[in-house]
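Only one structure is covered here, and it is reproduced in the block below.
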Protein chains: 2
Amino acid sequence: VIETEAIAKTYVMGSEQVHALKSISISINRGEYVAFMGPSGSGKSTLMNIVGCLDSPTSGTYILNGKNVSDMTENELAEIRNKEIGFVFQTFNLLPRNTSLDNVALPLIYAGYSKAERNEIALQTLKSVGLGDRAKHKPNELSGGQRQRVAVARALVNNPSILLADEPTGNLDTKTSYEIMDLFDELHQKGNTIILVTHEEDIAKYAHRIVRLRDGLIESDTINPNP
Amino acid sequence: VIETEAIAKTYVMGSEQVHALKSISISINRGEYVAFMGPSGSGKSTLMNIVGCLDSPTSGTYILNGKNVSDMTENELAEIRNKEIGFVFQTFNLLPRNTSLDNVALPLIYAGYSKAERNEIALQTLKSVGLGDRAKHKPNELSGGQRQRVAVARALVNNPSILLADEPTGNLDTKTSYEIMDLFDELHQKGNTIILVTHEEDIAKYAHRIVRLRDGLIESDTINPNP
Ligand SMILES: Nc1ncnc2c1ncn2[C@@H]1O[C@H](COP(=O)(O)OP(=O)(O)OP(=O)(O)O)[C@@H](O)[C@H]1O
Ligand SMILES: Nc1ncnc2c1ncn2[C@@H]1O[C@H](COP(=O)(O)OP(=O)(O)OP(=O)(O)O)[C@@H](O)[C@H]1O
Ligand SMILES: [Mg+2]
Ligand SMILES: [Mg+2]
């Protein structure tokens with residue numbers, strides 16, 4: 001479902017060039033569960049943003065569901081970002097002036113639900129991450145781990161066929177992390193594709209395949225025999 | 001050096017009350033190395049903000065260096081926050097329009113250094129967290145773990161006598177986390193006090209004492225025999 005060919009991403013800063021990704025060629029089939037690991041700054045979030053159609057590569061090709069992403073219209077891209085892909089951002093990216101409920105309900109607008117239906121589905125999803133009693137809190141009225149869970153709920157609310165989760169448990173205690181990983185397992189068992197970035201080996205073990213990045217390149221790509 | 005007596009913090013939201021801290025009485029001596037752990041939402045960041053003089057409790061007393069914090073003047077508090085205490089925020093709180101170098105140099109303004117001296121010290125501190133080559137990048141031009149390390153560098157730059165670090169390694173790979181913990185050890189060995197919030201047991205093991213919070217109360221307070 002995801003196929004990249006020699007993806008590179010270079011940032012130009014004055015006279016300096018930062019090669020965030022040098023050449024990434026990877027193939028991920030529908031229903032796979034892949035974990036990306038690698039040192040801080042190795043290019044994981046940059047790759048996730050390209051895979052999630054939030055950013056475009058400097059060079060290389062990205063084929064999603066058999067179609068070249070650079071040929072897609074703005075409408076097609078918006079549809080993919082809102083209905084097909086669920087994205088948990090490393091820095092959450094919640095709307096600061098909206099409640100958790102509003103934040104989680106946002107992707108449902110694209111799915112065509114009424115306001116009452118959106119609030120009901122969003123509340124159920126908030127409960128599934130343990131935050132049913134925080135629906136009316138705004139992000140600055142939540143703990144770090146609560147904000148992270150609102151970001152997870154928002155990514156899951158549309159039952160996405162592709163979940164991209166960038167360090168989804170970095171601010172969570174062990175017990176709460178495992179609850180989140182159970183939700184991802186549920187989504188995966190319905191046949192969806194999960195791509196996870198993490199630097200925690202215990203979390204990476206939930207995946208069936210572990211890809212390690214270093215300095216913008218793939219260092220290794222191995223099967224995990226016991227997910 | 002830090003003494004709290006029945007500290008409580010309640011947030012009022014409409015008709016609802018959230019008891020973030022119910023009653024915290026704790027005593028931390030100069031030169032101790034304490035780790036706070038506990039589930040997401042248990043009150044750790046709220047306690048850190050009170051200890052760091054960034055927030056005041058709803059009730060209870062906080063004595064810092066023998067003086068009641070609620071009796072301090074705005075000037076005394078500003079001096080403490082900028083010169084005595086180094087704070088690594090769970091959400092980094094970097095100035096978005098400034099470079100890493102500027103962000104790290106900011107606390108040095110209080111110490112009375114010249115601009116050239118501030119930039120030199122800030123650059124050395126950035127190098128100590130592995131980001132000497134990212135001095136000119138703004139926060140949005142950095143990876144998640146790089147932003148976290150800039151936040152750590154800013155907290156360390158003034159050689160604070162009390163370091164408060166709220167989840168300082170949540171976005172870092174293992175190797176980089178240990179480099180940061182080595183910097184904290186260096187600061188500790190000079191006789192300074194370190195208070196760390198973490199949910200990672202491996203990181204908590206660097207501390208000499210582990211205090212666990214649950215639902216706004218202290219659940220346990222134990223010595224770590226092998227830091
Ligand atoms: N401004 C606020 N208004 C209402 N409730 C708040 C506010 N700030 C924090 N809270 C609540 O206080 C409780 C404690 O928050 P705190 O940030 O101290 O938790 P924490 O232990 O640091 O959690 P985490 O591990 O997730 O960072 C949480 O349940 C949170 O929802
Ligand atoms: N807008 C930008 N301009 C310049 N350099 C950038 C920009 N965005 C990212 N970078 C650089 O690209 C590199 C890769 O960043 P990326 O965010 O993908 O890393 P990462 O693997 O997600 O790291 P982490 O584990 O710390 O989150 C980093 O070295 C970063 O400094
Ligand atoms: Mg990242
Ligand atoms: Mg916190």
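Since we're looking at a predicted model, the values are computed, not measured. Chain letters run A, B, ... following the sequence lines, proteins first, then strands; residues in each count from 1.
- Residues Asp166(A) and Phe89(A) have side chains not in contact (no heavy-atom distance under 4.5 Å, counting atoms from C-beta outward).
- No side-chain donor-acceptor contact under 3.5 Å links Lys44(B) to the backbone of Leu196(B).
- Using non-hydrogen atoms only and a strict 4.5 Å limit, the part of residues 135-151 of chain B facing chain A consists of Lys136(B), His137(B), Glu141(B), Ser143(B), Gly144(B), Gly145(B), Gln146(B), Arg147(B), Arg149(B).
- For Lys127(B) and Glu179(B), the salt-bridge test fails: no basic side-chain N is under 4.0 Å from an acidic carboxylate O.
- Looking at Ser45(B), neither its backbone nor its side chain comes within 4.5 Å of chain A, counting heavy atoms on both sides.
- Each of Leu172(A), Thr176(A), Thr174(A) has some count of heavy-atom pairs under 4.5 Å with chain B, and the biggest count is that of Leu172(A).
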Thr99(B) and Asp102(B): CA distance, side-chain angles, deciding distance, side chain to side chain donor-acceptor pair (under 3.5 Å) verdict: CA-CA 5 Å; Thr99(B) 62; Asp102(B) 292 340; 3.3 Å; yes

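- Side-chain contact between Val51(B) and Phe36(B): absent, with no pair of heavy atoms (C-beta onward) separated by less than 4.5 Å.
- Contact count against chain A (heavy-atom pairs under 4.5 Å) is highest for Asp173(B) among Asp173(B), Asp133(B), Thr169(B).
- Residue Thr198(B): no heavy atom, backbone or side chain, is found under 4.5 Å from chain A.
- In this pair, His188(B) and Tyr33(B) present their aromatic rings perpendicular. The plane angle is above 60°, beyond the 30 to 60° band.
- Between Lys22(B) and Glu219(B) no salt bridge is recorded (no basic side-chain N to carboxylate O distance below 4.0 Å).
- Contact count versus chain A (heavy atoms, under 4.5 Å) is highest, among Ser177(B), Gly170(B), Ser42(B), for Gly170(B).
- Residue with the most contacts toward chain A among Glu16(B), Glu201(B), Gln90(B): Gln90(B) (heavy-atom pairs, distance under 4.5 Å).
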Verdict with reasoning, His199(A) to Glu167(A), per side chain to side chain donor-acceptor pair (under 3.5 Å): CA-CA 7 Å; His199(A) 59 260; Glu167(A) 313 262 12; 2.8 Å; yes

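- Open room surrounds CD on Glu5(A); 12 or fewer heavy atoms of other groups in view lie less than 6.0 Å from it.
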